[in-house]
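Each chain gets a letter, A, B and so on, in the order its sequence line appears, and its residues count up from 1.
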Number of protein chains: 2
Amino acid sequence: MVEISRRRAIEDVASDLFREHGYAGTSIRDIARALSVQGASLYAHVSSKEDVLWAIVDRAATRFERAADAAEADAEAQRPGDPAEALAALVRAHVGVLTADVDAAGVFVHEWRSLDPAHREAILSRRDAYEVRFRRRVEDGIAVGAFGMTDPAIATSTLLSAVNGVAGWYDPNGRLPAARIADHLVDLSVRMLSNA
Amino acid sequence: MVEISRRRAIEDVASDLFREHGYAGTSIRDIARALSVQGASLYAHVSSKEDVLWAIVDRAATRFERAADAAEADAEAQRPGDPAEALAALVRAHVGVLTADVDAAGVFVHEWRSLDPAHREAILSRRDAYEVRFRRRVEDGIAVGAFGMTDPAIATSTLLSAVNGVAGWYDPNGRLPAARIADHLVDLSVRMLSNA
DNA sequence: CCTACCGATCGGTAGG
DNA sequence: CCTACCGATCGGTAGG
């Protein structure tokens with residue numbers, strides 16, 4: 001990947017380190033060392049360590065949101081009013097964002113607690129809104145009989161945990177390409193919600 | 001809960017803080033403050049900060065292992081050779097350990113990366129062995145037709161992510177008791193593996 | 001369990 | 001992007 005901007009290179013390196021050692025376990029000097037510069041030099045590009053975390057998390061959140069927008073529009077265009085199809089599209093989109101940048105996605109999933117209070121609040125409400133999109137499809141699917149009876153809140157939380165788990169084991173050089181992994185997650189998700 | 005030992009009280013407080021702020025984000029003085037003593041006083045009871053993390057993680061791992069032992073023995077006694085029953089018992093046992101001490105279990109799930117290399121290696125191999133117990137049931141279930149065709153490795157990783165997700169939202173004072181949550185997770189897990 | 005303290009490292013700034 | 005530096009905090013020790 002060609003380096004587009006120094007700022008972006010800092011965020012990419014930080015995503016990798018935050019994912020591996022956590023935000024608190026990564027110092028500004030660790031990030032600088034990976035870029036072969038002095039710690040203080042980073043402050044020409046970022047205003048604080050938290051600023052870097054927020055940039056990573058905000059961008060990842062935006063990607064998840066946009067991918068869900070496109071997935072729902074697409075599902076609605078192809079099979080209008082089909083909750084199972086819409087949910088499958090949401091899961092596929094989610095796995096796509098996750099595998100496209102597993103470091104940033106992993107930071108989004110695990111490190112939001114380290115954001116300062118205002119950012120933390122903002123990201124939590126976006127996460128809630130995002131989860132609601134999934135839960136609505138679960139509820140609609142139950143209502144029309146496409147899914148079996150279950151507790152929609154628990155089922156949706158469990159489904160998102162299952163899908164987010166991909167961030168814990170996905171390897172870009174592993175035996176399965178991202179698209180095949182998405183196929184599996186879609187299949188497992190729909191099965192989980194279907195009647196036995 | 002009555003305080004059994006000072007050492008144990010330190011670990012309980014540390015479980016709470018490590019889970020909320022992460023290992024690196026929690027200082028020895030943070031733990032001490034929660035116990036109303038000076039930071040240096042903790043060293044009368046623990047040899048290092050990592051020693052506390054290891055104690056929490058090791059104990060949690062042992063609980064998961066013992067609960068799985070009992071669950072498999074029980075399932076084998078009641079319905080010998082039934083992979084779906086054995087898997088259900090494993091999931092129920094896992095959720096039981098998780099909800100019995102959600103702080104310690106959450107630290108086990110998320111903070112093992114912060115262990116020193118030897119402990120990290122040890123816990124990873126125990127985690128692998130634990131996952132194999134689940135995967136064997138998944139494979140056997142597919143072989144006898146109790147479960148639908150799927151990739152056993154991906155299905156098992158996804159199942160464990162789904163179940164571990166409980167640590168992220170379980171609230172001891174929430175609307176559902178732990179036993180009901182376990183019921184739901186068993187149901188969702190078995191559905192996920194069953195034929196559609 | 002306390003006070004007093006150690007060297008190391010932290011996030012961040014000044015000034016170039 | 002560098003050197004030089006700031007005050008604060010870190011994990012941990014000594015000695016009581």
Out of [options], which has the shortest distance to the side chain of [X]?
{"X": "B:Ala40", "options": "C:dC10, C:dT3, D:dA4", "value": "C:dT3"}
{"X": "B:Ala44", "options": "D:dT13, C:dG12, C:dC1", "value": "C:dC1"}
{"X": "B:Arg6", "options": "C:dC1, C:dG12, C:dC2", "value": "C:dC1"}
{"X": "B:Ile28", "options": "D:dG11, C:dC1, D:dC2", "value": "D:dG11"}

Round to the nearest Å and state the distance from [X] atom [atom1] to [N] atom [atom2].
{"X": "B:Ile31", "N": "C:dC1", "atom1": "CD1", "atom2": "P", "answer": "14 Å"}
{"X": "B:Lys49", "N": "C:dT9", "atom1": "NZ", "atom2": "C1'", "answer": "13 Å"}
{"X": "A:Leu35", "N": "D:dC1", "atom1": "CG", "atom2": "P", "answer": "9 Å"}
{"X": "B:Asp30", "N": "C:dC10", "atom1": "CG", "atom2": "P", "answer": "17 Å"}
{"X": "B:Tyr43", "N": "D:dC10", "atom1": "OH", "atom2": "P", "answer": "11 Å"}
{"X": "A:Leu42", "N": "C:dA14", "atom1": "CG", "atom2": "P", "answer": "17 Å"}
{"X": "B:Asp51", "N": "D:dG11", "atom1": "CG", "atom2": "C1'", "answer": "13 Å"}
{"X": "B:Arg33", "N": "C:dC2", "atom1": "CZ", "atom2": "P", "answer": "13 Å"}

### Task
Using only side-chain N and O atoms of A:Arg29, determine if any of them is under 4.0 Å from OP1 or OP2 of C:dG12.
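No.
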### Query
Quick one: is C:dT9 close enough that its OP1 or OP2 comes under 4.0 Å of any side-chain N or O from A:Ser27?
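So the side-chain polar atoms of A:Ser27 never come under 4.0 Å of the phosphate oxygens OP1 or OP2 of C:dT9.
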### Task
Might you confirm whether atom CD of A:Glu50 has over 12 heavy atoms from other residues, nucleotides or ligands at distances under 6.0 Å?
yes
### Query
If we call it a pair only when both distances are under 3.5 Å in a Watson-Crick or G-U wobble match, what pairs with D:dC1?
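Pairing partner: C:dG16.
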### Task
State, yes or no, whether a side-chain contact exists between A:Asp187 and A:Asp183 at a heavy-atom distance under 4.5 Å.
no
### Query
Do NZ/NE/NH1/NH2 and the carboxylate oxygens of B:Arg7 and B:Glu11 come within less than 4.0 Å?
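Counted as a salt bridge, because a side-chain N and a carboxylate O are separated by less than 4.0 Å.
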### Query
Is any side-chain N of the basic residue among B:Asp151 and A:Arg175 closer than 4.0 Å to the acidic one's carboxylate O?
yes
### Message
Does B:Arg120 qualify as a cation-pi partner of B:Trp112, given the criterion of NZ or CZ under 6.0 Å from the six-membered ring centre and within 45 degrees of its axis?
### Response
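No - B:Arg120 does not lie over the ring of B:Trp112 by the 6.0 Å and 45° rule.
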